[in-house]
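On a predicted model such as this, the values are computed, not experimentally measured, just so you know. Residue numbers start at 1 and run along the sequence shown.
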Amino acid sequence: MMDTQNGNHGEVMKEVGKRKVSMSEVGLRFLAFSLTLVAAVLVGVDKQTKIVAIPLTAKFHYFSAFVYFVVVNAIACAYAIISLVLTLASNKGGNKGCLALMITTLDLVMLALLSSASGATGGIGLIGIRGNSHVQWKKVCNVFDKFCHQLLAGFVLSVLGSAIFLLLLVISARKLQKKHY
């Protein structure tokens, strides 16, 4: 491997075989993997038991939105590591443009999935924090504070993971613009 500078924008590239790989893209893919992994684990193991006249337990799998959140973050995590490996190994294939288009498309799908999971989780989380007096749903985060704080941490990490996939899409669009203009 050899460090080089891209003449146009000063971006550090690594030479892998005969192809240059953007280190920012590699770093962002690894960061997306890490953020979505930690978000899925944080929410996936989230559990708290409190005694309120009787023992009550809050678990992520009691809420379908939270199950969806964990599954989507696990999918995004797996995709991020696969796309990282494909990005690093793409110099061996014959049709790099097709692979780049597939990865860009899947980045967009991951962004959409993570955004929808964050929206669903955020909506249920807000009801947990504030309740809903119109339908007589009580606040639960004042009782299950640890559960809600851990869920919030996972939510924030997942939103950051979404932002990383958005940055990857911007990088892909910029590369496409450079090729055609």
Side-chain angles (χ1 to χ4, degrees), residues 22 24-87 101-174 176:
S22 165
S24 61
E25 184 178 353
V26 169
L28 287 172
R29 291 196 182 283
F30 183 77
L31 189 56
F33 161 73
S34 302
L35 289 169
T36 55
L37 174 66
V38 174
V41 170
L42 270 177
V43 176
V45 300
D46 200 4
K47 174 184 171 183
Q48 184 179 8
T49 301
K50 285 282 188 153
I51 298 177
V52 184
I54 59 169
L56 296 174
T57 302
K59 295 181 181 179
F60 87 96
H61 61 82
Y62 292 166
F63 304 92
S64 58
F66 299 163
V67 172
Y68 178 60
F69 180 87
V70 170
V71 169
V72 165
N73 274 279
I75 290 169
C77 173
Y79 166 73
I81 200 70
I82 290 168
S83 68
L84 175 62
V85 169
L86 288 174
T87 299
L101 179 62
M102 180 188 72
I103 288 174
T104 300
T105 302
L106 290 174
D107 285 348
L108 182 59
V109 170
M110 290 307 119
L111 174 61
L113 284 172
L114 285 168
S115 297
S116 69
S118 295
T121 297
I124 296 299
L126 196 57
I127 291 172
I129 292 169
R130 294 186 180 167
N132 187 324
S133 62
H134 300 291
V135 291
Q136 301 303 310
W137 290 346
K138 304 291 183 202
K139 299 176 188 179
V140 296
C141 285
N142 57 342
V143 175
F144 296 103
D145 56 335
K146 177 198 162 284
F147 178 82
C148 290
H149 287 112
Q150 192 165 326
L151 184 69
L152 178 61
F155 173 81
V156 168
L157 292 174
S158 183
V159 169
L160 290 173
S162 298
I164 298 301
F165 279 109
L166 179 61
L167 283 172
L168 286 166
L169 285 167
V170 169
I171 289 170
S172 295
R174 199 168 146 216
L176 185 61

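- The main-chain N or O of Thr49 is never found under 3.5 Å from a side-chain atom of Lys59 such that the two would form a donor-acceptor pair.
- Listed by first then second residue, pairs satisfying ring pair (Phe, Tyr, Trp, His ring centres under 6.0 Å) with a partner in residues 50-72 read Phe63-Phe66, not counting sequence neighbours.
- With rounding to the nearest 0.5 angstrom, the CD1 atom of Ile81 is 11.0 Å from the CZ atom of Arg29.
- When atom types are taken as modelled, the side chain of Gln150 and the backbone of Phe147 share no donor-acceptor pair closer than 3.5 angstrom.
- Residues that satisfy the disulfide bond (SG atoms under 2.5 Å apart) test with Cys77, not counting sequence neighbours, are absent from this structure.
- Atom CG of Leu126 and atom OG1 of Thr121 lie 12.0 Å apart (nearest 0.5 Å).
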Which is it for Val72 and Met110 under the side chain to side chain contact (heavy atoms under 4.5 Å, CB included) test, yes or no, and what are the steps along the way?
CA-CA 8 Å; Val72 165; Met110 290 307 119; over 6 Å; no

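- Within the 4.5 Å cutoff, no side-chain heavy atoms of Thr104 are placed close to those of Leu108.
- The aromatic rings of Phe30 and Phe33 are tilted relative to each other, their planes meeting at an angle between 30° and 60°.
- Interatomic distance, Asn132 CG to Lys138 NZ, rounded to the nearest 0.5 Å: 11.0 Å.
- Between Lys146 and Lys47, the closest heavy-atom pair is NZ-O, 3.2 Å.
- Taken to the nearest 0.5 Å, the CG atom of Leu28 stands 5.0 Å off from the CG atom of Leu168.
- Note that CG of Leu106 and CG of Leu111 are 12.5 Å apart. Values are rounded to the nearest 0.5 Å.
- A pairwise comparison of heavy atoms in Val43 and Gly154 identifies CG2-CA, 4.1 Å as the closest pair.
- Heavy atoms only, all atoms of each residue included: Ala120 and Ala65 are closest at O-CB, 3.8 Å.
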Quick one: do Leu86 and Met102 satisfy side chain to side chain contact (heavy atoms under 4.5 Å, CB included)? Show the steps, please. CA-CA 11 Å; Leu86 288 174; Met102 180 188 72; 4.3 Å; yes

Kindly list each side-chain donor-acceptor pair under 3.5 angstrom involving residues 156-167, sequence neighbours excluded, with atom names and distances?
unit_1	atom_1	unit_2	atom_2	d
Ser158	OG	Asn73	OD1	3.1
Ser158	OG	Asn73	ND2	3.2
Ser162	OG	Ser158	O	3.2

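- Between Gln48 and Val143, the shortest heavy-atom contact is NE2-O, 4.2 Å.
- Ala80 and Ser83 make their closest contact through O-OG, 3.0 Å (heavy atoms, listed as atom of the first residue, atom of the second, distance).
- Distance check, rounded to the nearest 0.5 Å: OG1 of Thr87 to CD1 of Ile103 gives 4.0 Å.
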